[in-house]
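Chain letters run A, B, ... following the sequence lines, proteins first, then strands; residues in each count from 1.
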Amino acid sequence: MLTPKHVFDRLFENFGNQHWWPVSSENEQFEIIIGAILTQNTSWKNVEKVLETLKKEGLIHPEKMIEIQTKKLAELIRPSGYYNQKAERLKIVSQFLLENDLAAMGVEWMRKKLLEIKGVGPETADSIILYAFNKPSFVVDLYTKRIFSRLGLINNNSSYNEVKQFFETNLEKDVELFQEFHALIVEHAKSFCKKKPDCENCFLRKNCKKLI
DNA sequence: TCCCAGGGGCCGA
DNA sequence: TCGGCCCATGGG
């Protein structure tokens, strides 16, 4: 019987530690939150460029972010795509962070409050909780669904929360495990379990129901 | 040239 | 509730 932990171990053996977003300061925490918004349906490479620009402009602070004009911000973040939407979202999130002390909240309440923010959906909320606040909330994305439905562990048409529950009930609630697992899922989806999968070279092929 | 990337809001059925 | 559409740049 294939379990999520078994898959995790195989991924970790093959890809090793992914070193995603180690948080050591409040400044980096805000950077992660910004990154989570900017990377919505966008490759991380484009986001990295924009984060560099925002650093140079001294904008990695919520107080600065709400001061800058939305139009100017949109121009600065242009390479990340959807720049008009995302400029608005960055300002809304910044305003929210100045008015709410997320760090003082429990995971469930934090998630509920984050989901009330326009521009923050389930994946972005869980990414912020897991990587910016180091609290265990499993992140589900298109890759997670793709890989685990091909492996036959979940249904392809499962909802976000169903998939999230599947992982949270079948894994130890461990922050570092959740962080590393999501990063490994992204890596595996990029390397092998692509939209057009490279099953021939995939190290999970023996366990996979969906050999193509 | 086409496809896709670490989604989410909105709207109509 | 759910499918379809829109947002948009950059790299392979």
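Of the options A:H188, A:E187, A:K194, a side-chain hydrogen bond (donor to acceptor under 3.5 Å, both in side chains) to A:S191 is made by A:E187 and by none of the others.
With rounding to whole Å, A:W20 atom CH2 is found 8 Å from B:dG6 atom P. If you take CD of A:E187 and C1' of B:dG6, they are 11 Å apart, rounded to a whole angstrom. With rounding to whole Å, A:D126 atom CG is found 13 Å from B:dG7 atom P. Rounded to a whole Å, the CD1 atom of A:I128 is 13 Å from the P atom of B:dG7. Atom NZ in A:K196 sits roughly 14 Å away from atom P in B:dA5 (whole-Å rounding). The nearest whole Å value for the distance from the CG atom in A:N41 to the P atom in B:dC4 is 11 Å. Rounded to an integer number of Å, the gap from NZ of A:K194 to P of B:dG6 is 13 Å. For A:I32 and B:dG6, the CD1 to P distance is 17 Å, given to the nearest whole Å.
With a cut-off of 3.5 Å on both pairing distances, the Watson-Crick and G-U wobble pairs of DNA chain C assemble into stems of 3 or more at B:2-5 with C:9-12, B:7-13 with C:1-7.
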Atom pairs and distances, side-chain donor-acceptor, residues 66-84 of chain A, under 3.5 Å, sequence neighbours left out:
residue : atom : partner : partner atom : Å
A:E75   : OE1  : A:R78   : NH1          : 3.2
A:E75   : OE2  : A:R78   : NH1          : 3.2
A:R78   : NH2  : A:Y83   : OH           : 3.2
A:S80   : OG   : A:I77   : O            : 2.9
A:Y82   : OH   : A:N41   : ND2          : 2.9

Contacts under 3.5 angstrom, residues 101-109 of chain A side chains, donor-acceptor by atom type, not counting sequence neighbours:
none

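Outside the 6.0 Å centre-distance limit, the rings of A:F167 and A:F178 are not counted as a close aromatic pair. Close placement of the A:F181 and A:F138 rings is indicated, their centers lying within 6.0 Å of each other.
Take A:E176 and apply the side-chain contact (heavy atoms from CB on, under 4.5 Å) test, not counting sequence neighbours, and it matches A:D174, A:Q179. For A:E13, the side-chain contact (heavy atoms from CB on, under 4.5 Å) partners are A:R10, not counting sequence neighbours. Shown here are the salt bridge (Lys or Arg N to Asp or Glu O under 4.0 Å) partners of A:K64, two or more places apart in sequence or in another chain: there are none. A:E162 pairs by the side-chain contact (heavy atoms from CB on, under 4.5 Å) definition with A:S158, A:S159, not counting sequence neighbours. Partners of A:D141 under the side-chain contact (heavy atoms from CB on, under 4.5 Å) rule, at least two apart in sequence or in another chain, are A:E123, A:Y143, A:T144, A:H182, A:I185, A:V186.
Running 5' to 3' along DNA chain C, contacts with non-hydrogen atoms of chain A at under 4.0 Å begin and end at C:dC7 to C:dG11.
For the pair A:E31 and A:K55, the salt-bridge criterion is met [side-chain N within less than 4.0 Å of a carboxylate O].
Residues A:T42 and A:K86 bring a donor and an acceptor atom of their side chains to less than 3.5 Å of each other.
When each of A:P79 and A:S159 is assigned the nucleotide of DNA chain C bearing its nearest heavy atom, the one mapping closer to the 5' terminus is A:S159. In terms of position on DNA chain C, the residue among A:T42 and A:K45 whose nearest nucleotide sits closer to the 5' end is A:T42.
Within 4.0 Å of A:K49, counting heavy atoms only, lie sugar-phosphate atoms of the nucleic acid but no base atom.
For the segment residues 136-146 of chain A, residues with any heavy atom less than 4.0 angstrom from an atom of DNA chain B are, sorted by number, A:Y143, A:R146.
The same atom, C1', is picked in C:dG4 and in B:dG6; the two are 23 Å apart, to the nearest Å. As rounded to the nearest Å, B:dC4 and C:dC7 have C1' atoms that lie 15 Å from one another. Between C:dG10 and B:dG8, the distance separating the two P atoms is 22 Å to the nearest Å.
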Side chain to side chain contact (heavy atoms under 4.5 Å, CB included), that's the test. Do A:Q95 and A:M65 meet it? Break it down for me. CA-CA 9 Å; A:Q95 185 69 42; A:M65 198 62 90; over 6 Å; no
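For the salt bridge (charged side-chain N to carboxylate O under 4.0 Å, His left out) condition, the pairs that include at least one residue of residues 124-139 of chain A, sequence neighbours left out, are A:R111-A:D126, A:D126-A:K164.
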Reading nucleotides 8-13 of chain B from the 5' end, what letters show protein touch, with B for base, S for backbone sugar-phosphate only, - for no heavy atom under 4.0 Å? SSS---
